[in-house]
Amino acid sequence: MKKDLVAIIEESLKKIGINAIPPLDVGVPPSEDFGDLSTPVAMSLSKLLKKPPKKIADELASCMLEKTILERIDIAGPGFINITFTKEYLYAELKKLLESGSVFLRENIGQGRRVQIEFISANPTGPLHLGHGRGGATGDALANLLKAAGYHVEREYYINDAGKQIRLLGQSVFAWYQKLLGVEYPAPEEGYKGGYIEEIAHEIVFKMGSTYIQKRFDEAGEFFIEYSYKKILSGIKEDLNAFGITFDTWQSEKELFESGEVSRAIEDLRSKEFVYEKEQATWFRATAFGDDKDRVIIKQDGENTYFTSDIAYHRKKIEKKYDELIDIWGADHHGYIPRIQAVIEALGYPKEKLKVLLVQMVTLLRGGKPVQMSKRAGEFVTLREVIEEVGADTTKFIFLTRRPDSHLEFDLEVAKAQSSENPVFYVQYAYARINSIFAHAQEKGIQADKISHADLSLLSHHEELRIIKKLLMYPMIFEGAVKAHEPHRITFYMQELSSMFHPYYNKCRIVTDDIALSRARLALCEAIRTVLRDGLEILGISAPERM
RNA sequence: GCGCCUGUAGCUCAGUAGGAUAGAGCAACUGCCUUCUAAGCAGUGGGUCAGGGGUUCGAAUCCCUUCAGGCGCGCCA
């Protein structure tokens with residue numbers, strides 16, 4: 001719909017002698033009475049052409065008038081050009097939608113370009129919490145969205161299975177293990193304290209007995225570290241499975257060290273003179289690329305920082321020649337962006353190669369009161385608990401009705417209480433309802449194959465035309481969501497479409513004795529179902545056959 | 001102190017890359033199930049877009065500033 005109009009406007013602009021065509025702004029007017037689509041192009045050209053907007057609009061309109069798909073062209077307000085399509089055009093486009101389904105709905109914006117999206121990447125030192133859930137829902141939906149738009153998308157989870165935190169995890173479990181066997185052993189300072197630490201220790205006692213009793217940590221540590229993080233990682237994978245999120249690749253940090261990629265990355269930067277020694281430490285010259293200060297990569301004690309492996313990790317990613325890299329981070333890591341972009345540039349790539357999408361913090365509430373969370377103290381509500389309490393679809397939907405950069409209050413009581421009237425069910429119910437209509441139609445003997453040949457011109461009710469127009473706007477919403485990397489636009493569209501379908505259902509009976517009309521209406525339902533399915537699939541939310 | 005994000009209806013949030021009369025859900029109130037699913041429908045009320053300046057044909061949106069909240073500013077991750 002938008003594409004056709006843009007083509008017409010461009011052609012008309014040329015006719016009135018404008019060849020340098022600016023990016024055309026086409027949108028939906030504030031009121032349906034104004035028309036189907038609208039453009040302020042006459043106003044934006046006014047200064048350039050030194051003519052009043054209305055005059056330009058008049059000239060454009062007279063060129064556009066000869067187009068047969070346009071029913072009406074109105075010039076309104078300060079110079080808006082409002083256009084209304086003919087019914088014939090709407091029916092023809094609806095027919096295309098019915099015939100080609102997602103091909104019609106999804107603009108091929110990616111053209112096969114390769115994108116990698118890295119998200120969640122929570123340390124395997126404890127279970128996932130709600131913040132990871134938000135990052136997960138967002139990353140997964142964005143991946144689905146870009147894939148639907150013709151990108152070749154890979155989802156990656158980066159596993160921080162090396163370094164200090166993971167050792168601290170092993171020590172925490174080790175201390176519990178000794179304690180369970182009656183040996184007094186000090187828990188590490190700043191160690192992990194959740195109940196899951198004790199559980200893992202129990203498991204080790206059960207499996208290994210007293211093999212490691214009264215050993216020193218540096219004798220037994222490797223076993224405890226490995227066992228613990230692998231256990232936690234498999235728990236994370238189960239949680240992700242319950243949340244309906246999958247990854248294509250899992251990159252281990254440890255492996256980056258073992259394969260020598262970390263040292264190669266450092267040597268690479270050193271050879272470019274972006275790495276130097278100072279005060280018994282090794283530094284990366286981040287200030288050469290606009291960061292506030294240089295950053296340590298090898299500490300005085302000879303240990304690497306987390307940043308060191310991140311350099312190697314991003315080097316590895318960038319050398320895989322993706323067209324675009326997207327990292328999704330919690331907003332508390334925002335200060336880290338200049339540093340990692342400095343790495344990208346130091347490696348000889350434009351910093352735009354990596355896009356970091358920040359997802360804001362989630363405040364978890366129960367009945368309006370904040371739930372205190374501290375990972376190390378072991379006090380937190382896990383993602384799994386939230387999924388079990390309010391449901392995966394509802395949880396995802398709540399995340400996907402917000403912009404990523406909005407601070408989110410997630411009230412467990414509200415999410416649960418609204419459950420029966422939650423907008424997610426409103427959308428899913430529309431889908432289930434349509435299935436039910438089709439089941440009923442089949443009982444009445446209206447065959448599905450006849451629906452595709454329905455006489456769509458019988459869809460003449462005001463409600464029906466509104467719905468058709470809404471359906472035809474989907475590609476436009478889709479395109480906007482893809483370009484802005486904003487899946488939530490799809491969510492809002494889904495709600496709007498559903499809010500047209502339900503009243504229609506109540507007002508106009510779909511299956512009646514009038515076979516021809518029934519077929520036409522079923523065809524419309526089929527189109528709605530197609531769009532709902534497409535949108536829900538992108539959001540990663542289930543489309544239930546019945547409810 | 002500096003940096004990033006946020007401030008829109010009682011609550012939770014949208015507002016399409018500056019466009020027309022600022023929207024939705026929830027909550028509140030009134031009606032509707034012998035007909036394809038009432039997780040639905042029809043209707044009512046609800047606003048100093050945090051405050052103040054500026055940019056221009058036009059600002060919730062861009063710039064400056066004040067206020068409020070969140071998060072960062074490690075040889076932690």
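Letters go in sequence order (proteins before strands), and every chain restarts at 1.
Residue contacts for A/Ser38: at a heavy-atom cut-off of 4.0 Å it reaches a base atom on one of the strands shown. As judged by a 4.0 angstrom heavy-atom cut-off over every strand, A/Ala432 is placed among the base-contacting residues. Residue-level contact check: A/Asn82 touches the bases, meaning some heavy atom is under 4.0 Å from a base atom. Within the nucleic acid shown, A/Glu279 comes within 4.0 Å of at least one base atom, counting heavy atoms only. As judged by a 4.0 angstrom heavy-atom cut-off over every strand, A/Phe34 is placed among the base-contacting residues. Counting any heavy atom pair closer than 4.0 Å across all strands shown, A/Ala439 reaches no nucleic acid atom.
Whole-Å rounding puts the A/Met43 CE to B/A20 C1' distance at 8 Å. The distance from atom CG of A/Leu400 to atom C1' of B/A24 is 17 Å, rounded to the nearest whole Å. The CD-C1' distance, from A/Glu32 to B/A20, rounds to 15 Å in whole Å. In this structure, CD1 of A/Ile437 is placed 11 Å from P of B/C36, rounded to the nearest angstrom. Protein atom CD1 of A/Ile56 is 12 Å distant from nucleotide atom C1' of B/C57, rounded to whole Å. The NZ-P distance, from A/Lys164 to B/G74, rounds to 15 Å in whole Å. Between the CD1 atom of A/Ile337 and the P atom of B/G3 there is a distance of 16 Å, rounded to whole Å. For the pair A/Met361 CE and B/G7 P, the computed distance is 16 Å after rounding to whole Å.
Considering only residues two or more places apart in sequence or on other chains, A/Phe119 meets the ring-ring contact (aromatic ring centres under 6.0 Å, His included) condition with A/Phe247. Applying the side chain to side chain donor-acceptor pair (under 3.5 Å) rule to A/Arg270 yields the partners A/Glu267, A/Glu277; only residues at least two apart in sequence or on another chain are considered. Shown here are the ring-ring contact (aromatic ring centres under 6.0 Å, His included) partners of A/Phe274, two or more places apart in sequence or in another chain: A/Phe289. With sequence neighbours excluded, no residue satisfies salt bridge (Lys or Arg N to Asp or Glu O under 4.0 Å) with A/Glu352. Shown here are the ring-ring contact (aromatic ring centres under 6.0 Å, His included) partners of A/Tyr493, two or more places apart in sequence or in another chain: A/Tyr474. Annotation: ring-ring contact (aromatic ring centres under 6.0 Å, His included) contacts of A/Phe410 (sequence neighbours excluded): A/Phe399. Take A/Arg533 and apply the salt bridge (Lys or Arg N to Asp or Glu O under 4.0 Å) test, not counting sequence neighbours, and it matches no residue.
A syn orientation is assigned to B/C33, its glycosidic angle lying within 90° of 0.
By the 4.0 Å N-to-carboxylate-O rule, A/Asp310 lies too far from A/Arg295 to be salt-bridged with it.
The number of heavy-atom neighbours closer than 6.0 Å to CG of A/Asp513, taken from other residues, nucleotides and ligands shown, is 12 or below. Environment of CD in A/Gln442: sparse, with no more than 12 heavy atoms of neighbouring residues, nucleotides or ligands closer than 6.0 Å. Environment of NZ in A/Lys444: sparse, with no more than 12 heavy atoms of neighbouring residues, nucleotides or ligands closer than 6.0 Å.
A/Arg402 has its side chain out of reach of A/Gln360: every pair of non-hydrogen atoms, C-beta onward, lies at least 4.5 Å apart.
With A/His502 contributing its side chain and A/Ser499 its backbone, the two residues share no donor-acceptor pair below 3.5 Å.
In this structure, B/A68 and B/U6 make a Watson-Crick or G-U wobble pair, each of the two defining distances being under 3.5 angstrom. For B/A14, there is no paired base (Watson-Crick or G-U wobble, both distances below 3.5 Å). Checking B/G47 for Watson-Crick or G-U wobble geometry (two distances, each under 3.5 Å) identifies no partner in any strand. With a cut-off of 3.5 Å on both pairing distances, the Watson-Crick or G-U wobble partner of B/C41 is B/G31. B/U55 makes up no base pair with any nucleotide shown, lacking Watson-Crick or G-U wobble contacts both under 3.5 Å.
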Taking only N/O atoms, report every protein-nucleotides 13-17 of chain B pair under 3.5 Å with atom names and distance.
residue	atom	partner	partner atom	Å
B/C13	OP1	A/His407	O	3.2
B/C13	OP1	A/Glu409	N	2.8
B/C13	O2'	A/Thr401	O	3.2
B/A14	OP1	A/Arg403	N	2.5
B/A14	OP1	A/Ser406	OG	3.1
B/A14	OP2	A/Arg403	NH1	3.3
B/G15	OP1	A/His488	NE2	3.0
B/U16	O3'	A/Arg489	NH1	3.4
B/U16	O2'	A/Arg489	NH1	3.1

Distances for protein N or O near nucleotides 44-49 of chain B N or O, under 3.5 Å:
none

Find every protein N or O atom lying less than 3.5 Å from an N or O atom of nucleotides 27-33 of chain B, and list the pairs.
none

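Distance check on atom P: B/C63 versus B/G18 gives 12 Å, rounded to whole Å. Distance noted for atom P between B/A39 and B/C33: 15 Å (whole Å). Separation of the P atoms belonging to B/A9 and B/A22 is 14 Å when rounded to the nearest angstrom. B/A17 and B/U12 are spaced 26 Å apart, taking the C1' atom of each and rounding to whole Å. Between B/G72 and B/U16, the two C1' atoms lie 31 Å apart (nearest whole Å). With both ends at atom P, the span from B/U21 to B/U61 equals 16 Å, rounded to whole Å.
A close approach under 4.0 Å does not occur between any side-chain nitrogen or oxygen of A/Arg546 and OP1 or OP2 of B/A39. Contact annotation: A/Tyr426 reaches the phosphate of B/C41 (side-chain N/O to OP1 or OP2, under 4.0 Å). Between A/Tyr429 and B/A39, a side-chain N or O to OP1/OP2 separation shorter than 4.0 Å is present. Contact between the side-chain N/O atoms of A/Lys293 and the OP1/OP2 oxygens of B/C73 is not found at any separation under 4.0 Å.
Checking B/G74, B/A77, B/G19 against the side-chain heavy atoms of A/Pro40 singles out B/G19 as nearest. You'll find that the side chain of A/His334 is closest to B/C4, out of B/C75, B/C4, B/A39.
For A/Asp332 against B/A77, no side-chain N or O and base N or O form a donor-acceptor pair under 3.5 Å. Below the 3.5 angstrom threshold, one finds no donor paired with an acceptor across the side chain of A/His333 and the base of B/G72.
For the residue pair A/Thr84 and A/Asp36, no side-chain donor N or O sits within less than 3.5 Å of a side-chain acceptor on the partner. Checking A/Ser309 against A/Glu253 by side-chain atom types alone, a donor-acceptor pair falls below 3.5 Å.
Across residues 499-510 of chain A, A/His502, A/Pro503, A/Tyr505, A/Asn506, A/Cys508, A/Arg509, A/Ile510 each have a non-hydrogen atom less than 4.0 Å from an atom of RNA chain B (numbered order).
Aromatic pair A/Tyr306/A/Tyr336: centroids less than 6.0 angstrom apart.
Residue pairs meeting the salt bridge (Lys or Arg N to Asp or Glu O under 4.0 Å) criterion with at least one partner in residues 473-495 of chain A, sequence neighbours excluded, are A/Glu479-A/Lys483, A/Glu486-A/Arg489.
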